[in-house]
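Quick caveat: nothing in here was measured; it's all calculated off a predicted structure. Lettering of chains follows the sequences in order, A, B, ..., and the numbering in each one begins at 1.
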Amino acid sequence: MPVDPDIDRAGWTAWRELALAEPVSAEVLGEILDGGQSFRWRRSPDGWVGAFGPRVAELAPAPRGVRWRQPRGAPDVEVALARYLDAEGAQARAADALPWRSDAFLARAMEGRRGLRILRQEPDEALLAFLCSSNKQVAQIRVMVAELADRLGEPLAGGLRALPTWERLARAPEAELRACRLGYRAAFIRDTARRLAGRPDWAAALAGLPTAELEARLAELPGVGPKVAACVALFGFGRLDAFPVDTWIDQALVEGYGLDGWNRRQLARFGAAHYGPAAGLAQQFLFAAMRSGPA
DNA sequence: GTCCAGGCAAGCA
DNA sequence: TGCTTGCATGGA
């Protein structure tokens with residue numbers, strides 16, 4: 001990913017440190033921020049610049065966590081950043097409880113990826129990004145999400161732009177959406193936006209549901225099927241038990257466990273049963289391992 | 001040119 | 001209920 005020359009970093013605060021209970025290497029930090037969970041981070045000379053919700057930060061690797069800074073004058077993002085990155089370490093404990101001791105295939109996927117974690121994104125952000133995701137490569141999703149922010153989003157600190165609101169998307173002209181390279185997904189996004197516009201509480205109203213029911217309710221939205229619903233539950237609602245099965249995970253389960261001929265629903269049930277309450281975290285290790293190519 | 005991508009929804013048996 | 005097909009677009 002090339003460095004983005006348009007971002008003005010003159011007016012930024014001094015660097016500060018955020019300790020992570022489970023530190024990460026530079027490579028794993030890149031995998032976390034730009035490995036197919038969020039599509040909002042770009043490489044900078046020191047690390048990564050991006051937005052999470054309405055907040056903007058620059059992150060860089062540090063021995064015991066991350067260095068970070070933010071645009072001057074914006075509200076302090078430290079508390080939100082600590083939550084976004086699971087600084088407290090709940091996922092490190094969840095990862096240790098995965099069955100890697102008895103599962104060599106999972107152990108191999110986790111090897112060298114200590115500290116890989118699920119970002120705690122906002123539900124709206126995860127939903128919009130994964131509405132874009134169907135039948136697209138990660139690099140192309142990144143382009144679509146960037147176009148949506150650039151064309152339809154409000155300005156944020158640091159010269160970045162927010163993702164558009166559902167209200168904005170609901171009244172966007174067809175041509176404007178098509179210009180975002182959404183293809184046939186444009187209609188799904190428009191229709192979901194029309195359902196959610198004027199309902200800022202939609203996510204809060206679902207937040208108390210058990211994961212299976214949450215996914216079923218998400219799947220009532222246009223353009224949201226089982227896989228996208230699982231991604232939104234995992235990345236947007238912090239449900240570590242959600243287990244999205246895409247082409248990579250499909251391939252991983254066939255390769256690792258000999259599940260040839262199983263359909264996506266069967267594979268999802270296998271994942272939930274085999275990996276347990278943090279199956280979604282296991283999924284992220286497998287996804288990273290498969291995409292990085294043969295070891 | 002061909003195949004495939006962090007799939008979904010409609011049509012069909 | 002479960003499988004097949006069309007869908008827009010761009011990378012590999």
Worksheet entry | Protein proximity profile, nucleotides 4-12 of chain C - base contact B, sugar-phosphate-only contact S, no contact -, cut-off 4.0 Å on heavy atoms | ---BBBBS-
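Contact check for A:Q91 versus A:L240: side-chain heavy atoms found under the 4.5 Å cut-off. Residues A:M290 and A:Q251 meet the side-chain proximity criterion, which asks for heavy atoms closer than 4.5 Å. With contacts defined as side-chain heavy-atom distances shorter than 4.5 Å, the pair A:F130/A:F39 qualifies. In this structure the side chain of A:K136 never reaches within 4.5 angstrom of the side chain of A:R181, judged on heavy atoms. Contact check for A:L85 versus A:V24: no side-chain heavy atoms found under the 4.5 Å cut-off.
Residue contacts shown for A:F39 are absent, as no nucleic acid heavy atom lies under 4.0 Å away.
Mapping A:P244 and A:F188 onto DNA chain B via the closest heavy atom, the residue that lands nearer the 5' end is A:P244.
Between the P atoms of B:dG6 and C:dG6, the separation comes to 23 Å (whole Å). Rounded to whole Å, the separation between the C1' atoms of C:dC7 and B:dA5 comes to 14 Å.
Under a 3.5 Å cut-off, the side chain of A:T211 and the backbone N or O of A:A242 do not form any donor-acceptor pair. Side chain of A:Q37 to main chain of A:L119: a donor-acceptor pair is present (N/O by atom type, distance under 3.5 Å, no hydrogens or angles).
Rounding to whole angstrom units, CG of residue A:L131 and P of B:dC8 are separated by 10 Å. The separation between A:Q284 atom CD and B:dG6 atom C1' is 9 Å, rounded to whole Å. Straight-line distance from the CG atom of A:L253 to the P atom of B:dG6: 16 Å, rounded to whole Å. Rounding to whole angstrom units, CZ of residue A:R291 and P of B:dG6 are separated by 6 Å. Between the P atom of B:dG6 and the CG atom of A:L127 lies a distance of 19 Å, rounded to the nearest Å.
Within residues 257-278 of chain A, no residue has a heavy atom under 4.0 Å from DNA chain B. Within a heavy-atom distance below 4.0 Å of DNA chain C, no residue of residues 209-227 of chain A is found.
The number of heavy-atom neighbours closer than 6.0 Å to CD of A:Q266, taken from other residues, nucleotides and ligands shown, is above 12.
The base of B:dG6 does not come close enough to the side chain of A:Q251 for any donor and acceptor atom to sit less than 3.5 Å apart.
Using modelled atom types, one finds no donor on one side chain facing an acceptor on the other under 3.5 Å when comparing A:D34 with A:W48. A side-chain donor from one of A:S44 and A:E58 sits under 3.5 Å from a side-chain acceptor of the other.
Across A:R185 and A:N135, no two heavy atoms sit closer than the pair NH2-O, 3.7 Å.
A stacked arrangement is assigned to A:F287 and the six-membered base ring of B:dG6, with a centre-to-centre distance below 5.5 Å and an interplanar angle below 30°.
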